[in-house]
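Notes follow once the structure below has been shown.
The analysis underlying the following values was restricted to heavy atoms, covering all of them including side chains, and did not include hydrogens, waters or symmetry mates.
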Protein chains: 4
Amino acid sequence: MARPRSEDKRNAILAAATDVFAERGLGAATSAISAAAGVAEGTLFTYFRTKDDLLNALYREIKLGLADAMMSDFPRKKSVRDRLAHVWTRYVRWGVANPKAHRVLQQIEVAGALTEESKLAGLAPFVEIQAMAESAIAQRTVQDLPLPFIAATMRALAEMTMGFVRQHPDDAELYERSGFEMLWAGLTRKR
Amino acid sequence: MARPRSEDKRNAILAAATDVFAERGLGAATSAISAAAGVAEGTLFTYFRTKDDLLNALYREIKLGLADAMMSDFPRKKSVRDRLAHVWTRYVRWGVANPKAHRVLQQIEVAGALTEESKLAGLAPFVEIQAMAESAIAQRTVQDLPLPFIAATMRALAEMTMGFVRQHPDDAELYERSGFEMLWAGLTRKR
Amino acid sequence: MARPRSEDKRNAILAAATDVFAERGLGAATSAISAAAGVAEGTLFTYFRTKDDLLNALYREIKLGLADAMMSDFPRKKSVRDRLAHVWTRYVRWGVANPKAHRVLQQIEVAGALTEESKLAGLAPFVEIQAMAESAIAQRTVQDLPLPFIAATMRALAEMTMGFVRQHPDDAELYERSGFEMLWAGLTRKR
Amino acid sequence: MARPRSEDKRNAILAAATDVFAERGLGAATSAISAAAGVAEGTLFTYFRTKDDLLNALYREIKLGLADAMMSDFPRKKSVRDRLAHVWTRYVRWGVANPKAHRVLQQIEVAGALTEESKLAGLAPFVEIQAMAESAIAQRTVQDLPLPFIAATMRALAEMTMGFVRQHPDDAELYERSGFEMLWAGLTRKR
DNA sequence: GATGAATGAGTCTTCATTCAT
DNA sequence: GATGAATGAAGACTCATTCAT
């Protein structure tokens, strides 16, 4: 029955990859990652067949963590505004609290190493947000715009907001709130 | 200085770099770029001392082109809304018309290879936009928010919009307009 | 010694090694062999201490099979020509019927991984052939040449013949006979 | 015009490859070859794109040298027997004088790394031998057998003979002559 | 200045072998 | 004994940069 593959080691590698990639970019050597994870160079490849595999797994892992952060305690019963605010706040705070993961996420997305499968897997956890947006449109609170457009808007503003909160932690609340108000103003029907 | 450096060659290299980096990522080999530019491998290094230098120069070059696209014919005399719409439209259209340059710009920004100098140089051409925003705040059309925050908001929404226009060219106008309206609604004071 | 080593497993590994080495060369990974044999990677090493050990064992195994094919039903009582023809035919047919084993044999011999011990062991089963040759020389049917030279001649011609039979199975008989006649003509005293 | 590729370096690499492969097998590291050739590791790859390319080039190079050795001073006007003896002797002596090249040739042929192109190129220099054999058959000196079969016979016997000459240099002449007589007896029509 | 051969450190990945389970 | 995860030394090949021509 040999030694079973260790979840701990897998996680250590993913964590190390996050650190190393965040600091040196995706071009960082796999050997740096295995070293940071405290495993042998070869071990990395028993958990992830190739560097690209590692990248894809890391992407999913981070996305999953993000989804969890955003959707836990989701106030299903509250108003559209409250629900959107919940998601917004959680997203921004996650990005501020996990700058490395956030940075790596961006790099992976822009690098073009993701499989279609991973892209889909990364999207999956966010269906509930879409559902919320859909119902909001239906009740005419939010303008009639394509859902992906709305989602992308939120994301774009949230990412931007994170940057400001990171740079000016003292004004965190200001930026967090201002960002949200801009989003809300942009999305809702006028008057 | 027998033969002077050729502006043509420099441009050929920058253009080739845009193509190659856009297609293969910043990890692409300099030899691929020199080949695409039709010059020898060594020649690239007489125009740019290192690969990082090339990256920085490319960044500035693209930013300059972008600034030019945005600010030419700038309607200094018109309303804040008109001026903002001008900038918005130009930005979005530039991104749609120059997907490779846009893609490379993003990669460079996210990769962390930029010198402070380059970052500043990249910002410079956009001072006029800032000025516009400043005056708009002063006259209380736009909310009293930090200028960089406003600029970043515009950028974030514009980049997102580009993506949609690229994917749905037939609805270009819809996305372009919707994006702008969201920006405007977000920035202006609520009555 | 709770569980005794299984002869089956050993054989499975040797058979798998024949297949894998024949197809991918001696550089093939031991893990490919264990996989093909349906055993764990580590198991291979309980049956053969090192890859070189496996190679040597495989060599002997194949040689043994070959000797068996050649010497079974050996017509001890018949004429020199009949006995030589028997050996010739059996050798050629074995090579045609076992192309992988034959191929691996050649690779091992040419690769220089054999111990002296294995070389000797590989020769052993062929003593009877030598004996036959010796007596043939004594009775002056065959020219007075060093025995190993005679053996090598037969082998060289037989291996060559195998190749032709493999490539032109329809002319198998022609090549088999022609080859033998050449051998016989070459070995016997000219009148 | 930069430094031109040096024929010397190319030859040094090929010579080093012959040595190293002969001693350690085709699995030998390219770094061992570049070191033996006195060039940097990378340099090997500017002359041969891959290890397989090197193998193929080496094969052609050796075959060319062999053909040259065999066919120079070819006695076109003499009898079939003399011409065959010429080729035979040259071949055997080449193999004895160039044991490393000969060994490497065998390894490459058995390893299955040759392109069809290389195989053809390796055959080309030997057309004259075929022509000779053809005419010999026509004049009914040699038995009517497929040409490739005849060629292969000569080769098989010659290679075997080389081995004996190498092991017993003092009896070189004996083996050389005996081998040839066997070949001649085998090929010619009886009576 | 232009060229491209030369360099060798660095990359990802493989693999024989060991050893915890 | 069987298993397969762990190991780390190689290995083939790449690439930014230098420099002879």
Side-chain angles (χ1 to χ4, degrees), chain A residues 1-6 9-10 27-35 37-54, chain B residues 1-6 9-10 27-35 37-55, chain C residues 1-6 9-10 27-35 38-55, chain D residues 1-6 9-10 27-35 38-54:
Chain A
M1 267 115 252
R3 209 173 320 181
R5 240 181 249 193
S6 140
K9 239 161 222 165
R10 198 189 123 96
T30 51
S31 63
I33 295 170
S34 47
V39 302
E41 291 191 29
T43 301
L44 188 151
F45 292 94
T46 80
Y47 287 86
F48 308 96
R49 246 170 16 77
T50 65
K51 192 182 184 182
D52 260 26
D53 271 19
L54 169 59
Chain B
M1 253 137 278
R3 231 172 308 175
R5 289 201 202 170
S6 136
K9 252 166 208 161
R10 199 188 123 95
T30 51
S31 64
I33 295 169
S34 47
V39 303
E41 291 187 34
T43 302
L44 188 151
F45 291 92
T46 79
Y47 288 87
F48 307 95
R49 239 169 23 77
T50 67
K51 192 182 184 181
D52 261 23
D53 273 16
L54 169 60
L55 239 33
Chain C
M1 252 140 281
R3 230 174 305 177
R5 288 202 203 167
S6 137
K9 251 168 208 160
R10 199 189 123 93
T30 51
S31 64
I33 295 169
S34 48
V39 303
E41 291 188 34
T43 301
L44 188 151
F45 291 91
T46 80
Y47 288 86
F48 307 96
R49 238 170 21 77
T50 66
K51 191 182 185 182
D52 261 24
D53 272 17
L54 169 59
L55 239 34
Chain D
M1 264 120 256
R3 209 173 322 180
R5 241 181 248 193
S6 141
K9 239 160 223 163
R10 199 188 123 96
T30 53
S31 63
I33 296 170
S34 46
V39 304
E41 292 191 29
T43 301
L44 187 151
F45 293 95
T46 80
Y47 287 86
F48 307 96
R49 244 168 20 74
T50 65
K51 193 183 184 182
D52 261 25
D53 271 18
L54 170 59

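The separation between A:Ile33 atom CD1 and E:dT11 atom P is 11 Å, rounded to whole Å. Spacing between atom CZ of D:Arg3 and atom P of F:dA20 amounts to 7 Å, rounded to whole angstrom units. In this structure, A:Phe48 places its CZ atom 16 Å from P of E:dT14, rounding to the nearest Å. Atoms CG (C:Asp53) and P (E:dT18) sit 11 Å apart, rounded to a whole Å. Taking atom CZ of D:Arg10 as the reference point, atom P of E:dG4 lies 19 Å away to the nearest angstrom. When rounded to the nearest whole Å, the span between CG of A:Leu44 and P of E:dT11 equals 14 Å.
Atom OG of A:Ser31 sits about 5.0 Å away from atom CD of A:Glu41, to the nearest 0.5 Å.
Side-chain proximity of C:Ala29 to F:dC15, E:dC15, F:dT7: nearest is E:dC15.
When the side-chain nitrogen and oxygen atoms of A:Thr46 are compared with OP1 and OP2 of F:dA5, none of them lie within a distance under 4.0 Å. Contact annotation: D:Lys9 does not reach the phosphate of E:dA5 (side-chain N/O to OP1 or OP2, under 4.0 Å). Side-chain N/O atoms of A:Tyr47 include none lying less than 4.0 angstrom from OP1 or OP2 on F:dA5. In terms of phosphate contacts, B:Thr30 brings no side-chain nitrogen or oxygen within less than 4.0 Å of OP1 or OP2 of F:dC15. For D:Ser31, no side-chain nitrogen or oxygen approaches OP1 or OP2 of F:dA12 to under 4.0 Å.
Comparing C:Asp52 and B:Ala40 by the nucleotide of DNA chain E that holds the closest heavy atom to each, the one mapping nearer the 5' end is B:Ala40. Judged by closest nucleotide on DNA chain F, A:Arg5 is the one of D:Ala28 and A:Arg5 placed further toward the 5' end. Nearer the 5' end of DNA chain E, as judged by each residue's closest nucleotide, is the contact made by A:Thr50, out of A:Thr50 and C:Phe45. For the pair A:Val39 and B:Lys51, nearest-nucleotide mapping onto DNA chain F gives the more 5' position to A:Val39.
For the pair D:Ala40 and D:Ser34, the tightest heavy-atom approach, listed with the atom from each and the gap, is O-CB, 3.7 Å.
In this structure a side-chain-to-backbone donor-acceptor pair under 3.5 Å is present from A:Arg5 to A:Thr46. Formation of a donor-acceptor pair under 3.5 Å by the A:Tyr47 side chain with backbone atoms of A:Leu54 is not found in this model.
Residues satisfying the side-chain contact (heavy atoms from CB on, under 4.5 Å) criterion with B:Phe45, sequence neighbours excluded, are B:Thr30.
As the counterpart of F:dA6, E:dT17 is assigned, both hydrogen-bonding distances of the Watson-Crick or G-U wobble pattern falling under 3.5 Å.
For F:dC13, the base has a donor-acceptor partner in the side chain of D:Glu41 [N/O atoms by modelled type, under 3.5 angstrom].
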